[in-house]
Amino acid sequence: MRKFLLAIPFALIAAQASAACSKPEDFQAKAMEMSTVAQQLAQKNPTAYQAFAQKTMQAAQDMQTKGIQVNDYEKACAFYDDLINEAKKGM
């Protein structure tokens with residue numbers, strides 16, 4: 001169940017920004033960092049993870065609504081940074 005919950009928000013985010021910062025490798029590193037932090041949160045505090053997953057899904061929708069595009073590297077990178085920081089707060 002955790003893997004399913006984890007996959008949904010990240011798939012939504014990845015669909016919105018397949019590259020971040022200045023090149024695809026930067027985005028990939030951010031995605032890996034977020035995945036690792038989210039997995040740690042799920043292991044340490046499942047209740048906080050569920051809330052985080054909901055926030056992540058909402059944030060992905062907000063990202064789409066705000067029109068953050070695939071080539072909008074700085075905004076996409078900042079988006080990931082905000083979510084990573086949010087997950088770390090829950091640990």
Side-chain angles (χ1 to χ4, degrees):
M1 182 68 167
R2 284 185 195 166
K3 288 182 182 180
F4 176 73
L5 289 174
L6 184 65
I8 292 173
F10 298 129
L12 291 171
I13 295 165
Q16 288 301 310
S18 62
C21 303
S22 63
K23 55 190 174 193
E25 293 82 10
D26 296 334
F27 172 76
Q28 190 173 29
K30 283 287 179 194
M32 293 297 293
E33 181 182 1
M34 182 160 161
S35 177
T36 299
V37 170
Q39 288 174 4
Q40 291 170 349
L41 177 62
Q43 291 173 349
K44 292 179 181 180
N45 191 342
T47 303
Y49 172 75
Q50 288 179 343
F52 171 75
Q54 290 176 343
K55 287 180 184 179
T56 301
M57 289 176 67
Q58 182 61 49
Q61 290 173 351
D62 291 347
M63 182 177 172
Q64 185 176 23
T65 301
K66 291 177 183 176
I68 297 176
Q69 301 296 317
V70 170
N71 62 353
D72 201 344
Y73 304 126
E74 290 180 20
K75 287 182 182 177
C77 197
F79 175 78
Y80 262 106
D81 285 335
D82 290 344
L83 291 175
I84 290 166
N85 291 332
E86 183 71 29
K88 288 180 179 180
K89 287 179 189 177
M91 286 192 235

Minimum heavy-atom distance between Ala48 and Gly90, given as atom pair plus value: CB-O, 4.0 Å
Hey, does the side chain of Ser35 reach the backbone of Ala31 with a donor-acceptor pair shorter than 3.5 angstrom? no
The reported gap from OG1 in Thr56 to OH in Tyr80 (rounded to nearest 0.5 angstrom) is 9.5 Å
Please round to the nearest 0.5 Å and tell me the distance separating atom CD of Glu86 and atom NZ of Lys89. 5.5 Å
Gln39 side, atom CD; Tyr49 side, atom OH - distance, nearest 0.5 Å: 8.5 Å
State, yes or no, whether a side-chain contact exists between Leu83 and Lys55 at a heavy-atom distance under 4.5 Å. no
Let's go through Lys88 and Leu41 carefully: what are the C-alpha distance in whole Å and the side-chain angles of both, what is the deciding distance for side-chain contact (heavy atoms from CB on, under 4.5 Å) to 0.1 Å, and is it a yes or a no? CA-CA 7 Å; Lys88 288 180 179 180; Leu41 177 62; over 6 Å; no
Under the side chain to side chain donor-acceptor pair (under 3.5 Å) rule, collect the residues that match up with Asp81, sequence neighbours excluded. Lys30
